[in-house]
Amino acid sequence: MQLLQTRAELLHWCETPAQRTVPLHFVPTMGALHRGHSSLVEVAGRPVAGSAPRVLVSVFVNPLQFGPGEDFSCYPRPLEADERVASEAGADALFRPSVEELFPGGEGQLTRLSPPRELQEVLCGRHRPGHFDGVATVVARLLGLVRPERLLLGEKDWQQLVILRRLVADLGLPLRVQGCATVREGDGLACSSRNRYLSALERLRARALPQALAAAREPLMVSADGSAPVLLATVRTALERAELEVEYVELLQPHSLTPLTRLSGLGLLAAAVRCGSCRLIDHTILMTRQPLVAIDGPAGAGKSTVTRAFAARLGLVYLDTGAMYRALTWWVRRQGVDPADGTAIEPLLKGLDLKLTTATVGEQRVSLNGHDVTEAIRSPEVTGQVSLVAAHACVRTALTRQQQAMGERGGLVAEGRDIGTAVFPDADLKVFLTATVAERARRRALDLERRGFAVPPLVELQQQIAGRDHADASREVAPLRQAPDAVELITDGLAIEGVIQALVDLFRERVPEEAWPEAS
Ligand code: PAF
């Protein structure tokens with residue numbers, strides 16, 4: 001592992017992104033490295049598309065993020081131990097600049113960054129004024145020097161992670177932010193550089209922090225009535241009983257950090273306490289149901305392929321609502337009913353036995369009234385009539401109700417046209433997956449060619465796709481619309497793996513890995 005101390009050494013080692021042959025992954029730290037840091041370095045070193053990235057760790061005790069009276073001067077600086085931990089975890093280089101080296105013009109003259117107020121006025125930000133300005137300023141400076149492809153940060157400092165993700169997005173920096181699950185000691189205490197300040201007795205008391213948070217996850221407490229004041233008071237009492245001085249206990253929406261008055265879906269329960277001279281923070285995710293993801297978008301945007309793979313990666317049930325409309329269309333045809341006649345279709349909806357089963361994760365079979373119709377629903381006849389059938393209000397109501405029942409406990413990703421707007425308006429993540437008409441026409445041409453069909457001219461395909469978009473968006477019942485709180489993901493220029501990764505990243509902004517690990 002190479003030791004770098006000056007900006008010149010760093011720039012030489014990093015090379016410019018254009019010169020690089022392998023990606024550079026960056027783990028910024030303040031040193032006093034522990035198992036949490038080692039795990040970040042190990043994750044950073046995992047191969048990407050078969051090739052091993054280079055991993056750079058920085059150790060810089062950043063004066064800008066310490067307030068008056070905080071522990072800047074006595075923050076632990078175990079230089080040799082840090083070198084050993086970083087090297088054993090697989091770092092290729094360790095950048096450890098002095099304050100003068102990183103801020104050559106002096107701290108006073110520095111351009112400062114200030115993350116949005118609403119992200120700073122809660123949790124640690126409220127109790128440590130200026131702290132996140134200091135974090136944002138130093139991280140932006142480091143990113144400017146290193147220019148990594150990936151930035152790895154611990155989920156333990158969830159507010160920091162939210163703020164730095166926002167910084168990267170707002171500055172349009174060309175890199176991925178990856179959060180990594182909190183690593184805990186055997187007694188449940190989250191690994192932290194500050195744990196080493198704790199005396200043996202304090203250490204015993206400190207255990208009450210993860211324990212009180214974990215107790216709040218018990219079904220009885222969460223379902224008491226979901227009211228935040230009740231939850232927060234119970235946690236506070238448990239912490240105080242262990243003689244921990246409570247700085248805050250808060251319940252917030254994990255992604256926006258908006259305070260919640262009632263828990264519904266997912267909530268971030270976070271606390272900060274003082275134990276002796278040591279300040280400790282921790283959090284947990286409370287769930288009244290498992291995570292729910294809604295993916296909508298126009299035809300031909302590649303929703304099915306990526307949603308199925310995304311579901312498999314995160315161990316979520318994949319609900320292809322389009323397959324349900326197709327299955328019904330198959331039944332309507334089989335019963336000799338006119339697909340355009342809603343009144344004639346209505347009786348068929350009573351007692352409809354429509355099942356989607358996931359054999360292996362992500363793979364779905366469709367059965368209707370005892371028939372396995374998985375393949376049959378993909379026929380050109382069904383494809384040609386499914387829009388007609390799906391446009392009847394009675395059909396929409398019946399299938400929406402069934403989809404909602406399937407999603408009641410969460411743990412599911414549903415894909416369709418009106419999932420985020422009508423079926424699961426309270427989904428934790430809503431994505432509107434789309435691509436330009438030109439791109440969708442290009443993909444459709446490739447697909448037809450691959451399957452041995454004649455390929456119409458691209459202009460014709462573009463007209464068909466634009467026509468279908470217009471019909472979907474302007475139909476009276478359940479028109480295709482992007483939910484106001486959906487994230488638009490335009491997939492032009494992205495390979496399938498890139499789209500799946502983008503979905504996973506969006507999910508991770510809302511659901512920490514510790515609360516919902518990837519499927520193994
Ligand atoms: O989490 C930390 O160690 C620090 O806040 C960071 C991100 C390295 C910035 O100084």
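Whatever order the structure lists ligands and atoms in, that order sets their numbers, starting from 1.
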Q. Please state which protein non-hydrogen atom is closest to atom 10 (O) of ligand 1 and give its distance, to 0.1 Å?
A.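 I find the closest protein heavy atom is Q65 OE1, 2.6 Å.
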Q. So, R84 and E80, do they make that salt bridge, N to O below 4.0 Å?
A.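 A salt bridge is absent here (no side-chain N lies under 4.0 Å from a carboxylate O).
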Q. Against heavy atoms of V138, which atoms of ligand 1 measure under 4.0 Å?
A.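 What qualifies from ligand 1 is 9 (C), 10 (O).
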Q | Per-atom contacts of ligand 1 with Q160, taking only distances under 4.0 Å to non-hydrogen atoms | A |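 Close to Q160: 1 (O), 2 (C), 4 (C), 5 (O), 7 (C).
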Q.
Just to be sure I read this right, does ligand 1 sit under 4.0 Å from the backbone of T29, its side chain, both, or neither, counting only heavy atoms?
A.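 The backbone, only.
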Q. How many angstroms lie between atom OG1 of T491 and atom CZ of R440, to the nearest 0.5 angstrom?
A.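 CZ of R440 is found 9.0 Å from OG1 of T491.
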Q | H283 and W158 aromatic ring geometry - parallel, tilted or perpendicular at 30°/60° bounds | A |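 Geometry flag for H283 against W158: tilted rings.
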**Q.** F95-F26 aromatic ring centre distance below 6.0 Å
**A.**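 Judged by ring-centre distance (under 6.0 Å), F95 and F26 do not meet the cut-off.
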